[in-house]
2 protein chains.
Amino acid sequence: MTKKREQILGTALELFANEGYQNTSTSKIACQAGVSEGLIFKHFQSKEGLLHAIVNLANDDIRDFIKRIENQDDPKKVIETAFDFPPLVSSNRDFWKLQFSLKYQCPAKQQYHEKKELINTFETMLEKAFRELDYDNPEMETELLMNIIGDLCRKHCNTDNGCDQEYINFVKQKYEV
Amino acid sequence: MTKKREQILGTALELFANEGYQNTSTSKIACQAGVSEGLIFKHFQSKEGLLHAIVNLANDDIRDFIKRIENQDDPKKVIETAFDFPPLVSSNRDFWKLQFSLKYQCPAKQQYHEKKELINTFETMLEKAFRELDYDNPEMETELLMNIIGDLCRKHCNTDNGCDQEYINFVKQKYEV
DNA sequence: TATAAAAGTAAGTAATCACTCACCAAGGTA
DNA sequence: TACCTTGGTGAGTGATTACTTACTTTTATA
């Protein structure tokens, strides 16, 4: 990967995340990245192709996390590991900001948010854990915890100085982890 | 209010909510509303003025709801009333879709999402209720329930055939309401 | 060293954008 | 009737958009 290609990807991620995909013109990306506008289209064919490339880049992080949660046997540990996900969001904040903004865009752009592999694995593991721990309604418990984790991720995206540890501990306590 | 003005407001809300503010051009609104493009600017001065007018329109619904929650004395009833909010979202789905999409836009447009009056009243009432019910940590309980209600609202926005009643009942049970 | 592919640029393109302007029509009031 | 405000139109405006084209430079390799 050439340096200018990396420059384009980095600048575009930053602008897409913080000013919105629609609000970011290819000329602005080129200008801020210090490259000619034509180069963007040489590398990524279209503005949407650039978005696609950016979204695919962060998939490795996600696959690593899935492996970590899959390797847990102890159901309590599974639930505990779930709470490690929001901090992961912090470490790649612009990417997740972009993800959440795409989720609430028009249907045409929502495809780029579909981290279904991650979400499905997450849900399956949690439901199994709740079942092994003899919770009354493992399905609904999973839906609730997915919501809670999702909100934590959203918060991590938008707060600069890390996370609200008191709140995290409070929720963890509810699950005795 | 004239008929054509209403047409503009209705069409713009529908398009802003379902295709995004940035993706909706004033010419498209005019075309679909069956009016001339110039009329939009006669009535609302700018595209952003139109957005502003739309966002202000739904404030009455919100104020009604605030009054309802404020008039509750019984703390259990306060928590129960909180669960009435997501169905309210269903009754004006396009407006709330727009609200959530604006929340994840660039900072320039986020001002139109600030339903702070609603959120603050909500939070204050819930915290008071949790305190009266002798919960260990009323602040954190409030944050958690606000998250749960927020997620329910998001779900109500995006599902066509009403709400996931089983999940709502499951959560209500946790609060014994 | 010759050469071809890849990296990169500057100056375009047509289309679309939000917005304006000159003008018309209807309705209320003096 | 005269006149003025308000509602409404259609054909513009310049700026910006995503994208292209013709061209040059760098890099890899046979």
Side-chain angles (χ1 to χ4, degrees), chain A residues 1-57 98 101-102 105-113, chain B residues 1-57 94 98 101-102 104-113:
Chain A
M1 181 132 69
T2 62
K3 207 166 186 179
K4 298 216 166 184
R5 196 176 196 271
E6 277 184 84
Q7 268 295 316
I8 293 170
L9 284 167
T11 307
L13 171 57
E14 190 195 319
L15 289 171
F16 287 168
N18 295 297
E19 306 188 17
Y21 174 77
Q22 294 290 339
N23 280 313
T24 305
S25 66
T26 50
S27 73
K28 194 174 183 181
I29 296 167
C31 184
Q32 195 162 315
V35 304
S36 66
E37 199 178 347
L39 190 58
I40 293 175
F41 295 91
K42 265 273 162 67
H43 279 307
F44 307 102
Q45 288 76 54
S46 66
K47 190 186 172 187
E48 201 161 336
L50 173 57
L51 175 64
H52 195 78
I54 288 173
V55 167
N56 277 349
L57 260 186
L98 174 59
S101 81
L102 290 174
Q105 293 268 338
C106 61
K109 293 286 171 297
Q110 281 181 17
Q111 50 173 315
Y112 298 110
H113 174 263
Chain B
M1 182 131 71
T2 62
K3 207 166 188 179
K4 297 216 167 185
R5 196 176 196 270
E6 277 184 85
Q7 267 296 313
I8 294 170
L9 284 167
T11 306
L13 172 58
E14 189 196 320
L15 288 171
F16 286 168
N18 295 297
E19 306 189 15
Y21 174 77
Q22 294 289 340
N23 279 313
T24 304
S25 66
T26 49
S27 73
K28 193 174 182 180
I29 296 167
C31 183
Q32 196 163 314
V35 303
S36 66
E37 201 176 346
L39 190 60
I40 292 175
F41 296 91
K42 266 272 162 68
H43 279 308
F44 307 102
Q45 288 77 55
S46 64
K47 190 186 172 186
E48 200 160 337
L50 173 57
L51 175 64
H52 195 78
I54 287 172
V55 166
N56 278 349
L57 259 186
D94 277 345
L98 175 59
S101 81
L102 290 174
Y104 296 97
Q105 291 269 336
C106 60
K109 294 285 171 297
Q110 281 181 19
Q111 50 173 314
Y112 298 111
H113 173 262

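Sequence lines set the chain letters: A, B, ... in the order given, protein chains first and strands last, and positions in each chain run from 1. Because the structure is a prediction, the values reported are computed rather than measured.
- Contacts of E37(A) classified as side-chain contact (heavy atoms from CB on, under 4.5 Å), with partners at least two apart in sequence or in another chain: T26(A), S27(A), A30(A), F41(A).
- The residue among E37(B) and R5(A) whose nearest nucleotide of DNA chain C lies closer to the 5′ end is R5(A).
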_With side chain to side chain contact (heavy atoms under 4.5 Å, CB included) as the criterion, how do Q105(B) and Q22(B) come out once you've worked through the C-alpha distance, each side chain's angles and the decisive distance to 0.1 Å?_
CA-CA 10 Å; Q105(B) 291 269 336; Q22(B) 294 289 340; 4.2 Å; yes
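- Closest approach of L50(A) and A12(A) over heavy atoms only: CD2-CB, 3.7 Å.
- Between atom CD1 of residue I29(B) and atom CD of residue E14(B) there is a gap of 11.0 Å, rounded to the nearest 0.5 Å.
- Within the structure, the salt bridge (Lys or Arg N to Asp or Glu O under 4.0 Å) test picks out the following pairs touching residues 38-57 of chain A (sequence neighbours left out): E48(A)-K109(A).
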*Should H43(A) and K4(A) be marked as a side chain to side chain contact (heavy atoms under 4.5 Å, CB included) after you check the CA-CA gap, both sets of side-chain angles, and the distance that decides it?*
CA-CA 10 Å; H43(A) 279 307; K4(A) 298 216 166 184; 5.7 Å; no
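- Residues that satisfy the side-chain hydrogen bond (donor to acceptor under 3.5 Å, both in side chains) test with K28(B), not counting sequence neighbours, are E19(B).
- Remark: G38(A), F41(A), S46(A), K47(A) in residues 38-53 of chain A come within less than 4.0 Å of DNA chain D through at least one heavy atom.
- With values rounded to the nearest 0.5 angstrom, L57(B) atom CG is found 11.0 Å from H52(B) atom NE2.
- With a heavy-atom cut-off of 4.0 Å to chain B, the contacted part of DNA chain C has its first and last nucleotide at dC17(C) to dT20(C).
- Side-chain contact between V35(A) and T11(A) is absent, with no heavy atoms from C-beta onward closer than 4.5 Å.
- Contacts between residues 20-30 of chain B and DNA chain D, defined by a heavy-atom separation under 4.0 Å, are absent.
- The structure places CG of N23(A) at 11.5 Å from CG of N18(A), a figure rounded to the nearest 0.5 Å.
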